[in-house]
Amino acid sequence: MLRRLYDWTLAKAAGPGAERWLIGISFADSSFFPIPPDVMQIPMSIARPEKSLRYAAVSTVASVAGALLGYLIGSLLYQAVGVPLLQFYGYEDKFQQFAAQINAQGFLWMLAFAFLPIPYKVATIAAGSVSLSIPVLIAASILGRGGRFFLVALVLRRFGAAAQAIIDRYFNLLAGVATALFVGGFVVVKYAF
């Protein structure tokens, strides 16, 4: 099933609507959506390596905008929207401790969450709930998300055909590793804070 989804995504990645999907997923991932933009950016960059830097830029801008929505959820709608989102993802219990850490060392935490495969939406909501400086949020988002997306873009731009051959050959193993990283990010947030 994952293989069919990968093949379908790769086919759609070269299509005319792919960039709109990338923008939407990048925006939503930073505020409320559980799927990271990598699921679109990677196949799009494999399908069109010459556009990989553009895709990274689009993902970065949309992700930073989404981080601002996450901040607003935490700041203005924490009780009405933030708490139910945290309950849905199972993060409410540890959120207060994490929010205190965000307040104390905001830039470093936001930078780490922006770059690593950890749910960024939790950090953006936390930043809003403790009124972290918006310039700090934006700077960390640009550096962290941009660093992550441009790193992927540069690797795929340089090794696009080879990367696709590796993915095709080791698809099941790579899918397992990606799933473990994705689930591991949620586990880290749930139990580490």
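Worth saying up front: this structure is predicted, and the values here are computed from it rather than measured.
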Which distance, rounded to the nearest 0.5 Å, do you find between the [atom1] of [X] and the [atom2] of [Y]?
X: I142; Y: L111; atom1: CD1; atom2: CG; result: 12.0 Å
X: W21; Y: M44; atom1: CH2; atom2: CE; result: 12.0 Å
X: L68; Y: S75; atom1: CG; atom2: OG; result: 11.5 Å
X: F32; Y: I125; atom1: CZ; atom2: CD1; result: 10.5 Å
X: S30; Y: L69; atom1: OG; atom2: CG; result: 9.5 Å
X: S45; Y: L156; atom1: OG; atom2: CG; result: 5.5 Å

Work out which heavy atom in [X] is nearest to a heavy atom in [Y]; give both atom names and the distance.
X: S26; Y: A62; value: CB-CB, 3.7 Å
X: P37; Y: R145; value: CD-NH2, 4.2 Å
X: M110; Y: A140; value: CB-CB, 3.5 Å
X: A67; Y: S141; value: CB-OG, 3.7 Å

Are [Y] and [X] connected into the same hydrophobic cluster when the rule is that any two of I, L, V, M, F, W, Y join if their side-chain heavy atoms are below 4.5 Å apart?
X: V61; Y: V152; result: no
X: L108; Y: I138; result: yes
X: V122; Y: V130; result: yes

Would a distance-only check, ignoring hydrogens and angles, find a side-chain to backbone donor-acceptor pair under 3.5 Å from [X] to [Y]?
X: K121; Y: D29; answer: yes
X: Y71; Y: L132; answer: yes
X: S52; Y: P49; answer: yes
X: Q41; Y: L22; answer: no
X: S59; Y: Y55; answer: yes

Go through the steps for L143 and F115 under the test side chain to side chain contact (heavy atoms under 4.5 Å, CB included), then give the verdict. CA-CA 8 Å; L143 290 173; F115 188 79; over 6 Å; no
Apply the test side chain to side chain contact (heavy atoms under 4.5 Å, CB included) to residues S63 and F27: give CA-CA distance (whole Å), side-chain angles for both, the deciding distance (0.1 Å), then the verdict. CA-CA 5 Å; S63 186; F27 177 84; over 6 Å; no
Test of understanding: with salt bridge (Lys or Arg N to Asp or Glu O under 4.0 Å), list the residues that count as partners of R54, not counting sequence neighbours.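 For R54 the salt bridge (Lys or Arg N to Asp or Glu O under 4.0 Å) partners, ignoring immediate neighbours, are E19.
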Restricting to salt bridge (Lys or Arg N to Asp or Glu O under 4.0 Å), what partner residues turn up for R48, sequence neighbours left out?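 Testing R48 for salt bridge (Lys or Arg N to Asp or Glu O under 4.0 Å), a comparison that skips the adjacent residues, returns E50.
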Would you indicate whether the side-chain heavy atoms of F150 and T60 approach each other to under 4.5 Å? yes
Quick one: which residue pairs count as a side-chain hydrogen bond (donor to acceptor under 3.5 Å, both in side chains) with a foot in residues 123-134, not counting sequence neighbours? none
Verdict with reasoning, L53 to L154, per side chain to side chain contact (heavy atoms under 4.5 Å, CB included): CA-CA 7 Å; L53 296 177; L154 289 170; 3.6 Å; yes
Audit row: I46, I42, side chain to side chain contact (heavy atoms under 4.5 Å, CB included) steps and yes/no: CA-CA 6 Å; I46 289 172; I42 291 170; 3.9 Å; yes
